[in-house]
Amino acid sequence: MSPADTIDSSVARGLRAADALPPVANRLLAALPARQRAAVMARVQPVAFDKGVVLSRPDDPIEWVYFPRSGLISLLVNFEDGTEAEVGLVGREGVLGSSVVLGSTTALVEHLVQAPVEAYRMDAAEFRAEAQADPVLMAHIHRYHHALHAQITQTAACNSRHDLGQRLAKWLLMAHDRVEGDVLPLTQDLLARMLGVHRPTISVAAGRLQEEHLIRYSPGRITILDRDGLERAACECHGASARWSRQFLGPPHARPGSTAAG
Ligand SMILES: [Zn+2]
C-alpha cells in the first residue's frame with residue numbers, strides 16, 4: 001500500500017472518528033477568535049493516520065495544511081546514508097504545512113506519524129488565501145511559527161550539549177505534553193531513531209528512568225509514572241520549549257495531577 005493509499009483510506013476512518021474529539025482539541029484552532037476559527041472550520045475535513053505514515057517528504061509539494069487533534073508527528077531531517085534526525089515534534093498544539101503563508105510550496109523535512117493522529121486538514125492554497133486576506137489569522141500563524149522555531153532552535157542546541165538520559169527525559173515530556181493520559185504508544189526502536197542512537201543505548205537510558213520509577217516500559221508503550229521526577233531528570237530544554245509554547249498559544253489543556261505545561 002502506498003502512502004497515498006494509506007492517506008485516502010485514512011480519510012474515511014477520520015470521517016467516522018470525526019466526533020470523537022472536539023475541534024478545540026487543536027490548541028491553535030482553539031486560540032483563534034470565533035470568526036477566524038469558523039472560517040477555517042468551514043473548509044476542513046477530518047482525517048486520521050496510523051503510526052508510521054509519512055505525510056510528506058522533503059521537496060514534496062505542500063497540498064494540505066493539517067491541524068492535529070491527537071497524536072504525534074515528528075519533523076525529520078533525512079541523511080544520505082539513510083539515517084535521520086528529529087528536529088521537531090508537532091501535536092495538538094500546532095499545525096503542519098502552514099509555511100505556505102510564507103510562500104513555501106514544498107516541504108523542508110519529512111513529516112512522520114509517531115503516534116496515531118486525528119486531524120483536520122485544509123487545502124493549502126485555500127489556507128494561504130484565507131490567511132493573506134485576514135491579518136488576525138495571519139498573526140496567529142506567525143506566532144505559532146515563532147514557537148515552532150523556538151522548539152527547533154532549542155533542539156539543535158540540546159543535541160550538541162546534553163546527554164542522552166536528559167534528552168530522553170525531555171523527549172518523553174514533550175510527547176506527554178501532546179497526548180491524553182499517561183501512556184505513550186512508543187517503542188524503544190522509535191525512541192532510538194528519534195534520538196539518533198542505537199537501540200541498546202536507548203535501552204540502558206530507559207532502564208535508568210525505569211529503575212528510578214519515573215516511567216514503566218512494556219513492549220510498544222511507555223507509561224509516565226512520575227512527571228515531576230521526569231522533569232528533574234530532563235535538561236532545561238523542555239522548560240524552554242514549553243515556555244515559548246505557553247507564551248504564544250496560552251496554557252495547555254489541564255492535566256490532572258501535573259504541575260507542568262507544554
Ligand atoms: Zn537539552
Side-chain angles (χ1 to χ4, degrees), residues 27 68 71-79 83-94 96 108-112 114-115 143-179 182 184-217 222-252 255 258-262:
R27 286 173 55 201
L72 299 169
I73 300 164
S74 279
L75 313 186
L76 298 170
V77 171
N78 303 133
F79 296 112
T83 60
E84 65 219 338
E86 186 186 62
V87 294
L89 190 63
V90 174
R92 62 187 182 186
E93 84 294 352
L96 276 183
L108 277 179
V109 294
E110 179 177 318
H111 294 151
L112 173 68
Q114 299 287 11
R143 283 154 62 98
Y144 173 69
H145 286 167
H146 198 110
L148 182 62
H149 182 78
Q151 185 203 133
I152 292 170
T153 302
Q154 196 77 37
T155 300
C158 183
N159 287 348
S160 71
R161 279 295 182 89
H162 293 146
D163 70 35
L164 177 63
Q166 291 178 308
R167 291 198 292 127
L168 173 60
K170 179 200 76 168
W171 201 94
L172 293 172
L173 288 168
M174 288 178 65
H176 194 217
D177 290 338
R178 289 165 172 79
V179 302
D182 296 323
L184 307 174
L186 303 168
T187 63
Q188 291 200 11
D189 280 336
L190 182 92
L191 286 171
R193 279 176 66 192
M194 291 310 99
L195 295 169
V197 296
H198 294 298
R199 163 70 190 271
T201 311
I202 208 78
S203 289
V204 171
R208 279 201 198 104
L209 296 180
Q210 184 159 258
E211 283 166 17
E212 293 169 21
H213 307 291
L214 304 180
I215 63 170
R216 181 172 59 243
Y217 178 76
I222 290 175
T223 304
I224 307 294
L225 299 177
D226 179 355
R227 165 103 194 181
D228 291 342
L230 206 54
E231 289 185 359
R232 287 191 290 275
C235 52
E236 68 196 64
C237 300
H238 173 259
S241 290
R243 202 162 49 245
W244 280 108
S245 184
R246 270 199 304 279
Q247 183 169 336
F248 288 97
L249 294 170
R255 186 186 293 283
S258 171
T259 56

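Both ligands and their constituent atoms are indexed starting at 1 by order of listing.
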> To the nearest 0.5 Å, what is the distance between CD1 (Ile222) and CG (Leu191)?
Replying inline: 4.5 Å
> Do Arg208 and Glu212 meet the salt-bridge criterion of a basic N to acidic O distance under 4.0 Å?
Replying inline: no
>> With 2.8 Å as the threshold, which protein atoms of type N, O or S lie near the Zn ion (ligand 1)? Leave waters out.
In response: Cys158 SG, His162 ND1, Cys235 SG, Cys237 SG
>> For Arg161, is the CZ atom crowded, meaning more than 12 foreign heavy atoms sit under 6.0 Å from it?
In response: no
> Got Val109 and Leu76 here, is their nearest side-chain heavy-atom distance under 4.5 Å?
Replying inline: no
>> If I compare all heavy atoms of Ala234 with all of Lys170, which pair ends up nearest, and what's the gap?
In response: CB-N, 3.7 Å
> Is the backbone N or O of Cys237 less than 3.5 Å from a side-chain atom of Gln154, with the two atoms forming a donor-acceptor pair by type?
Replying inline: no
